[in-house]
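The sequence lines fix the lettering, A, B, ..., with proteins before strands; numbering per chain opens at 1. Computed from a prediction, not measured in an experiment: that's the story for all the values here.
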Protein chains: 2
Amino acid sequence: MSRQPQYTIKDIAQALGVSASTVSRALSDHPHISDETKIRVRELVQKHDYRHNALASSLRNSKSNTIGLILPRLSQYFPSTVATAIQNKLHGYGYNLMICQSNDSPEMERELVNALYASRVAGLIVSTTLYTNDFSAFDIFAKSNIPLVFYDRVPQNYPAHVVLGDDYAGGYAATLHLLQQGCRRIALLSGPLTCRIYQDRYNGYLAALKEYAVPFDQSLVYSHELTKENALKSSEAILSGTALPDAVFACNDTAAIAVVKTAKQHQLRIPEDLLVAGYSNDPRAEIITPSITSVEQFPYEMGEKATMLMMDLLQNKITQQGRYISLNTPVKLIARESSRRAGVGAVAESGEDMDSSAQ
Amino acid sequence: MSRQPQYTIKDIAQALGVSASTVSRALSDHPHISDETKIRVRELVQKHDYRHNALASSLRNSKSNTIGLILPRLSQYFPSTVATAIQNKLHGYGYNLMICQSNDSPEMERELVNALYASRVAGLIVSTTLYTNDFSAFDIFAKSNIPLVFYDRVPQNYPAHVVLGDDYAGGYAATLHLLQQGCRRIALLSGPLTCRIYQDRYNGYLAALKEYAVPFDQSLVYSHELTKENALKSSEAILSGTALPDAVFACNDTAAIAVVKTAKQHQLRIPEDLLVAGYSNDPRAEIITPSITSVEQFPYEMGEKATMLMMDLLQNKITQQGRYISLNTPVKLIARESSRRAGVGAVAESGEDMDSSAQ
DNA sequence: ACACTATATGCAATCGTTTGCAGGAGTCTT
DNA sequence: AAGACTCCTGCAAACGATTGCATATAGTGT
């Protein structure tokens, strides 16, 4: 439809009695073009509302100024904040961002990868689905020498640049904190262990237990996608048994909230009967009663870091010869009502400082 | 950088001893191409991992298959849900979505409009910033005959297709509900009245008051951007005076949460001393204690509706000759603890049905 | 007057895909 | 056997911007 005739560089050239090359160069402020010509060109651009055609330009240069972003979903605090950071930062470099959601479906993800390649994005930033185990769709980016950066949910056994939160430190800090409050039966509500971030948090959990010489109890570990529904089901299982845990460490805040809700239904008081900690420091963790202890991931910083890495790769500051960068962003435990036991330890009021960079 | 030589249609043509036209037509399953040729082409496409170049294609057809979306920010329930709906729906039609955040800055918004035009999106969907009053940046879309759809925050005095929630009905329903609970001094925490959605909610509020013959009291109305900080300040002002209101209707849930928080600090019990209602039915409204009554806007449906309108425009099903479409999506009041007064009226447990379509 | 340089511009090809038109080969009709 | 028709395929010109190379003009130095 439409096929509106466009006002192009050629039209300007014709009107001015110069060639298209001259106009093109005038617009890009080429030094070989006289000031007078530049001014005349700019005037006409103004007058006729000439618009640059990025398609033509990208085609000719085989290079666009759009970066692709694929993530599972952005309707939550962490992912949407990362996306915002990336877009804002990229904008400063003159790049546009094309945000696409995979809805946690590997098929959708694959389609998006192909679609973004088809529009020849200059680079691609990805947080994979929970279930992506075939990363071959991304091969084309390496093959075409187009920068590819993963963050948060990064591939395993697939060579790539990655930006990660310090999930091990986060899992360790949260568990340690619960142990310090006197808990010894700490249930773990983990995401799928096929995913590296959950593995790391799990390992942090194990390490903290070991440090306190608390024997590991497999029956306290639940692992599945941390949706509200799943988490409610597991919480029910955890809290309706006979041998109740004295704390639950949930690997995201949606799950932690589910635990709190379930605990209320079971007449369990938090933190008197049960301590709870979550992950991501979702704004919801703060407003709920009781407020929930959580691990801050600094998503904005994470997005900025991923963007910086992307820019470095685009500007070839980093050799791409088989060397893959792995960046870490710190985490910080924010202790709140859900884990504060009166008289136990000294927990800062506004959040206990457990910056993982100190590790 | 890179300038990797690409594997193109010409390469396939050469390898097969046919012309590029034939390959192009084979790939688009043109009826004039023999099955044998099509098969041979597809085999080679597979073998060499040929990738369609959407840039070249779009340039040639002066038409891309990307739709632009500009919104103030997506780090909240309502906007991110709308965006998700739009992307999912568009995907079904073979279109990609380019999501861009204006951060509520008119300058940024303008830049994004231009950038999206530069990449010749096939259509543009917009929820404007709170402060956009100059819509001339959008002129180019009308002039180029590129479909433009606004939703939620739509322009005033600018001819365009719009998709709106029934904000009048929402404001009316929430206020009426508070009145039915016996409240007579209902404070209003409104967004800027330069924005149509807030005007409409305000008018709904006024209409309900009038119906109950409650005199309008200007001193109960606060109007400003509904950020957490602003809302806390206004809540403080509202609740620290001597003539307290008996209810607050906040025009988003962030503000409603601020009211609840401030009320707690003032030792006011909700709903015994103060009733509270919000807007948007953010998930936070449900998990907070007390849970907050709110107006559900059905953002997913709204996104789908905006997408359908866009598709109709793209397919020219709708004449664009100066006739502008305006679609409404219904709203529904969800009554919760924050507004349930024991023994007053009959309020459904899981949400009072006040579907605005019944209006 | 000549060679040389600096400055400003134009020519034409290129990026990869699409499509109107033309045309060749084969089949069918009368 | 000539015309008409069908079925495939190719030619070449777009789409709009960019850029290496060639060139024209003016200015400088000897």
Side-chain angles (χ1 to χ4, degrees), chain A residues 1-41 44-45 48-66 117-122 144 146, chain B residues 1-41 44-45 48-66 117-122 144 146:
Chain A
M1 55 170 288
S2 62
R3 197 68 66 89
Q4 290 273 125
Q6 306 204 25
Y7 189 74
T8 74
I9 257 182
K10 278 185 194 163
D11 299 316
I12 299 185
Q14 203 160 25
L16 248 44
V18 298
S19 75
S21 339
T22 301
V23 176
S24 172
R25 284 192 259 252
L27 287 173
S28 60
D29 209 23
H30 190 106
H32 282 182
I33 300 295
S34 69
D35 289 345
E36 195 213 322
T37 307
K38 285 180 186 171
I39 290 172
R40 289 171 61 212
V41 167
L44 222 57
V45 162
H48 288 21
D49 197 20
Y50 159 81
R51 302 298 189 118
H52 180 75
N53 187 322
L55 290 176
S57 178
S58 298
L59 176 59
R60 164 65 217 234
N61 308 324
S62 49
K63 197 68 188 301
S64 83
N65 67 159
T66 297
Y117 183 83
S119 57
R120 298 299 189 270
V121 288
S144 307
I146 298 176
Chain B
M1 54 170 287
S2 62
R3 198 67 68 88
Q4 290 272 125
Q6 306 202 25
Y7 190 75
T8 75
I9 257 183
K10 280 185 193 164
D11 298 316
I12 299 184
Q14 204 162 25
L16 247 47
V18 298
S19 75
S21 340
T22 302
V23 176
S24 173
R25 284 192 260 250
L27 287 173
S28 60
D29 208 23
H30 190 106
H32 283 181
I33 300 294
S34 69
D35 288 344
E36 196 212 322
T37 306
K38 284 180 188 171
I39 291 171
R40 289 172 61 213
V41 167
L44 222 56
V45 161
H48 287 20
D49 196 21
Y50 159 82
R51 302 298 188 120
H52 180 74
N53 187 323
L55 290 176
S57 176
S58 298
L59 175 61
R60 164 66 218 235
N61 307 325
S62 50
K63 198 66 187 303
S64 83
N65 67 159
T66 297
Y117 183 82
S119 58
R120 298 301 188 271
V121 289
S144 308
I146 299 177

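Protein atom CZ of A:Arg60 is 11 Å distant from nucleotide atom P of C:dG16, rounded to whole Å. Distance CG (A:Leu16) to C1' (C:dA8): 14 Å, rounded to an integer number of Å. The CZ atom of B:Arg120 sits 11 Å away from the C1' atom of D:dA17 (whole-angstrom rounding). Atoms CD1 (A:Ile33) and P (D:dT18) sit 13 Å apart, rounded to a whole Å. Atom-to-atom, CD of A:Gln14 to P of C:dC11 comes out at 12 Å; the value is rounded to the nearest Å. Remark: C1' of D:dA13 and NZ of A:Lys10 are 11 Å apart, rounded to the nearest angstrom. Rounded to whole Å, the distance from CD on A:Gln6 to P on D:dA14 is 16 Å. Rounded to an integer number of Å, the gap from B:Asn61 CG to D:dA14 P is 16 Å.
If you check the side chains of A:Ser19 and A:Thr22, you find a donor sitting under 3.5 Å from an acceptor.
With A:Ser24 contributing its side chain and A:Ala20 its backbone, the two residues share no donor-acceptor pair below 3.5 Å. A:Ser62 contributes no side-chain N or O that, together with a main-chain N or O of A:Leu59, makes up a donor-acceptor pair within less than 3.5 Å.
Note on residues 11-37 of chain A: pairs passing ring-ring contact (aromatic ring centres under 6.0 Å, His included), not counting sequence neighbours, are A:His30-A:His32. For residues 6-25 of chain A, the set of pairs meeting the ring-ring contact (aromatic ring centres under 6.0 Å, His included) definition, not counting sequence neighbours, comprises A:Tyr7-A:His48.
The stretch residues 17-27 of chain B comes close to DNA chain D through B:Gly17, B:Val18, B:Ser19, B:Ser21, B:Thr22, B:Arg25, each having a heavy atom under 4.0 Å from the strand.
For A:Thr37, whose side chain is taken as the heavy atoms from C-beta onward, the closest listed nucleotide among C:dT9, C:dC15, C:dG16 is C:dT9. Nearest nucleotide to the side chain of B:Leu59, out of D:dT18, D:dC8, C:dG16: C:dG16.
Within the structure, a side-chain polar atom (N or O) of A:Ser57 is placed less than 4.0 Å from OP1 or OP2 of D:dT18. Under 4.0 angstrom from either OP1 or OP2 of D:dA17 there lies at least one side-chain N or O belonging to A:Tyr50. In this model, the phosphate group of D:dT9 is approached by a side-chain N or O of B:Ser34 to a distance below 4.0 Å at OP1 or OP2.
Crowding of A:Lys10 atom NZ: a count of heavy atoms from other residues, nucleotides or ligands under 6.0 Å not exceeding 12.
Taking both residues in full, the closest heavy atoms of B:Lys38 and B:Ile33 are given as CE-O, 3.4 Å, listed atom of the first, atom of the second, then distance.
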